Amino acid sequence: MISENLKKIVSIIIIHHREVFLESLTPMKLQKLCYYVQAIYMATHNGEPLFEEDFQAWTYGPVITALYQEYKDYGWRSIQEEFELPEIEPEKLESIEQIVEAYGRYDGAALVTMTHREDPWLEARKGLSETEGSNALISKDSMKSFFERKLAAYAC
């Protein structure tokens with residue numbers, strides 16, 4: 001079961017993605033956008049997470065198990081459910097929307113490739129090959145630290 005905070009974030013991601021890109025997204029893409037939203041938000045807001053759930057370092061990148069269970073029946077198809085925009089602080093909404101705009105232009109496979117090249121996923125898997133299964137947790141601290149460094153490098 002996913003938390004109320006994650007439900008809000010999922011709704012915002014799906015609604016905004018549909019508005020900007022005129023299409024819905026697959027469960028895989030949703031997972032990766034949740035990952036980037038959480039990681040970048042924590043990196044820019046003193047480590048404050050948007051939701052409690054942790055990501056695991058699965059073969060196809062970061063995954064929240066409960067979120068996977070919620071949308072797995074869609075398989076590789078786009079999520080077709082309707083969502084209402086939840087109440088959330090305007091500053092959080094703006095941040096989420098900016099991250100969706102930046103990363104939503106990539107498809108699920110491209111986002112998987114991106115996460116496979118980033119330290120949080122690599123560190124959690126501790127040297128496993130890309131094809132080996134894993135349910136190792138990706139620490140929120142590693143996500144925050146990696147994206148703090150990445151954003152600082154872009155700021156220069």
Side-chain angles (χ1 to χ4, degrees), residues 1-17 24-76 79 81 83 85-89 91-104 106-153:
M1 188 157 158
I2 63 176
S3 68
E4 286 304 312
N5 285 337
L6 180 55
K7 285 180 186 176
K8 284 182 180 183
I9 303 311
V10 164
S11 296
I12 293 166
I13 289 171
I14 292 173
I15 289 168
H16 195 62
H17 186 278
S24 198
L25 58 160
T26 64
M28 179 187 287
K29 187 170 183 178
L30 176 61
Q31 289 278 357
K32 303 318 167 247
L33 290 178
C34 284
Y35 171 77
Y36 283 114
V37 162
Q38 177 82 310
I40 294 168
Y41 188 84
M42 288 189 306
T44 56
H45 291 83
N46 298 316
E48 177 191 343
L50 288 167
F51 50 84
E52 305 80 53
E53 284 85 350
D54 288 310
F55 289 89
Q56 294 180 355
W58 285 20
T59 304
Y60 291 105
V63 172
I64 297 171
T65 305
L67 187 59
Y68 171 81
Q69 294 298 329
E70 184 80 16
Y71 293 103
K72 71 179 180 181
D73 290 343
Y74 282 100
W76 296 97
I79 297 168
E81 291 177 39
F83 296 86
L85 192 62
E87 288 192 28
I88 192 168
E89 297 89 339
E91 183 262 332
K92 287 182 179 179
L93 178 62
E94 181 181 344
S95 183
I96 294 163
E97 288 178 344
Q98 288 174 350
I99 297 162
V100 169
E101 289 166 21
Y103 286 86
Y106 304 105
D107 67 14
L111 293 170
V112 167
T113 300
M114 290 164 61
T115 63
H116 281 204
R117 295 177 179 156
E118 296 169 348
D119 291 346
W121 184 82
L122 293 167
E123 289 169 5
R125 293 180 59 84
K126 295 179 178 79
L128 294 173
S129 77
E130 285 191 10
T131 58
E132 288 180 83
S134 172
N135 61 358
L137 289 184
I138 299 174
S139 79
K140 285 183 176 74
D141 188 54
S142 72
M143 293 165 60
K144 173 188 162 287
S145 298
F146 176 79
F147 283 94
E148 282 174 341
R149 291 190 308 272
K150 188 172 180 175
L151 293 171

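Since this is a predicted model, take the numbers as computed values, not measurements. Index from 1, following the sequence.
- Remark: K150 engages E118 in a salt bridge, criterion side-chain N to carboxylate O under 4.0 Å.
- Shown here are the side chain to side chain contact (heavy atoms under 4.5 Å, CB included) partners of K7, two or more places apart in sequence or in another chain: I2, E4.
- Nearest heavy atom pair, residue Q56 against residue N135, reads OE1-CB, 3.3 Å.
- With sequence neighbours left out, E81 forms a side chain to side chain contact (heavy atoms under 4.5 Å, CB included) with Y71, Y74, I79, F83.
- Taking 4.0 Å as the cut-off between side-chain N and carboxylate O, K140 and E53 do not count as a salt-bridged pair.
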* To do: Go through Y103 and Q98 one step at a time and tell me if the side-chain hydrogen bond (donor to acceptor under 3.5 Å, both in side chains) criterion holds.
  => CA-CA 9 Å; Y103 286 86; Q98 288 174 350; over 6 Å; no

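- You'll find the side chain of C34 reaches within 4.5 Å of the side chain of L67, heavy atoms only.
- Aromatic ring pairs are classed by plane angle as parallel below 30°, tilted from 30° to 60° and perpendicular above 60°; the pair F55 and Y35 is perpendicular.
- Counting all heavy atoms, side chain and backbone alike, G104 lies closest to L33 at N-CD2, 3.9 Å.
- Between M42 and E48, the shortest heavy-atom contact is CG-O, 3.4 Å.
- For E91, the side chain to side chain contact (heavy atoms under 4.5 Å, CB included) criterion is met by Y41, H45, not counting sequence neighbours.
- W58 has its ring centre less than 6.0 Å from the ring centre of Y68.
- A side-chain N or O of S3 and one of E52 form a donor-acceptor pair less than 3.5 Å apart.
- Electrostatic pairing of D107 and K29 does not count as a salt bridge here, judged by no charged N lying under 4.0 Å from a carboxylate O.
- Here the shortest heavy-atom pairing between V63 and Q31 reads CA-OE1, 3.3 Å.
- Of the possible donor and acceptor atoms, none in the side chain of R149 sits under 3.5 Å from a partner among the backbone N and O of A153.
- Using a distance-only test at 3.5 Å, with no hydrogens or angles considered, no donor-acceptor pair links the side chain of S142 to the main chain of I138.
- Remark: the backbone N or O of V112 is not paired with any side-chain donor or acceptor of K32 at under 3.5 angstrom.
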* To do: Apply the test salt bridge (Lys or Arg N to Asp or Glu O under 4.0 Å) to residues K92 and E97: give CA-CA distance (whole Å), side-chain angles for both, the deciding distance (0.1 Å), then the verdict.
  => CA-CA 9 Å; K92 287 182 179 179; E97 288 178 344; over 6 Å; no

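- For the residue pair A102 and Y106, the shortest heavy atom distance occurs at O-CE1, 3.7 Å.
- The main-chain N or O of A57 is found under 3.5 Å from a side-chain atom of R125 such that the two form a donor-acceptor pair.
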